[in-house]
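Small disclaimer: the values here were computed from a predicted structure and weren't measured.
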Amino acid sequence: ELKRFSVIVVTCTFICAIISFLIYVLEIDRNLFVGTKEIIIVYAEGRLWSIYGNPNALGQCSFISIMYSILLLVLERYETNLKRTNKVHMLIYLNILLELICLILSNSRSAFLATICSIFVLLILFYSNNSKYKGKTFVGRLKTNIWKITAKAVVTMTAIITVFLL
């Protein structure tokens, strides 16, 4: 169920990231009115507002998508179909790159901080000197059951950090 939810989140944010990147590249400057609410679609004041209507919302969604993409990369290691896995990995890497570009263009400090902290925590988890993992390769570490629990905890923690920083 975690993988299905992750795929849905990453797919939706990937589509929004493509639209956001096109807004930046094509220099679209529009204000849409939905009912009584105005949605700003523009790159202005050094920040990409995108379809989210707020650069901080774009940064937060980019951050969450990056974390779920990393989780999907880890979960895809269990797949046995190498051709499918390579195509999926390419799409996930493309999503991470596009989301990083949107994160940089949004200029959201809280999303930057959350991304840096989360990547730092992930690196500590990957390369800890725990005696249980000594002598195991990187893939060997990923195959342990503790990794699944840790991945779920990291994704939850990153979402909580983002909410409190905004």
Review point. Listed by chain and number, what are the side-chain contact (heavy atoms from CB on, under 4.5 Å) partners of Ile101, not counting sequence neighbours?
Key: Phe21, Leu97, Leu105
**Study point:** Joint cluster assignment, Leu58 & Ile116, ILVMFWY side-chain distance < 4.5 Å
**Key:** no
Practice item. Identify whether Ile8 and Phe63 are in the same connected component of the hydrophobic contact network (ILVMFWY, side-chain heavy atoms under 4.5 Å). Key: no
Review point. Does a donor on one side chain and an acceptor on the other come within less than 3.5 Å for Asn95 and Ser65?
Key: yes
Point to revise | Pair Ile92-Val10, side-chain contact (heavy atoms from CB on, under 4.5 Å): steps then yes or no | key: CA-CA 8 Å; Ile92 292 173; Val10 168; 5.6 Å; no
**Study point:** Between CD on residue Glu99 and OG1 on residue Thr115, distance to nearest 0.5 Å
**Key:** 10.0 Å
Check your understanding: Quick one: does Trp49's side chain get under 4.5 Å of Ser106's, heavy atoms only?
Key -> no
Exercise for review: Working to the nearest 0.5 Å, report the span between SG of Cys102 and CD1 of Ile18.
Suggested key: 9.5 Å
**Study point:** Residues which pass ring pair (Phe, Tyr, Trp, His ring centres under 6.0 Å) with Tyr24, listed by chain and number, not counting sequence neighbours
**Key:** Tyr43
Revision key, fill the gap. Rounded to the nearest 0.5 Å, the OG atom of Ser108 sits from the CD atom of Gln60 at a distance of 8.0 Å
Exercise for review: To the nearest 0.5 angstrom, please state how far the CG atom of Leu91 sits from the OG atom of Ser69.
Suggested key: 10.5 Å
**Study point:** Point-to-point distance, once rounded to the nearest 0.5 Å, from CG of Leu98 to CD1 of Ile66
**Key:** 10.0 Å
Review point. Any side-chain heavy atom of Ile119 sitting closer than 4.5 Å to one from Met67?
Key: yes
Exercise for review: Drop me the distance from Leu72's CG to Phe5's CZ, to the nearest 0.5 angstrom.
Suggested key: 11.0 Å
Review point. Is there a side-chain contact between Thr13 and Tyr68 (heavy atoms, below 4.5 Å)?
Key: no
Exercise for review: With sequence neighbours left out, write down each residue that passes side-chain contact (heavy atoms from CB on, under 4.5 Å) with Ile104, or none if nothing qualifies.
Suggested key: Phe112
Practice item. Using a 4.5 Å cut-off on heavy atoms from C-beta on, say whether the side chain of Pro55 contacts that of Leu48. Key: no
**Study point:** Side-chain donor-acceptor pair present, Asn56, Arg47, cut-off under 3.5 Å
**Key:** yes
**Study point:** Side-chain heavy-atom pair Ile96, Leu73 within 4.5 angstrom cut-off
**Key:** yes
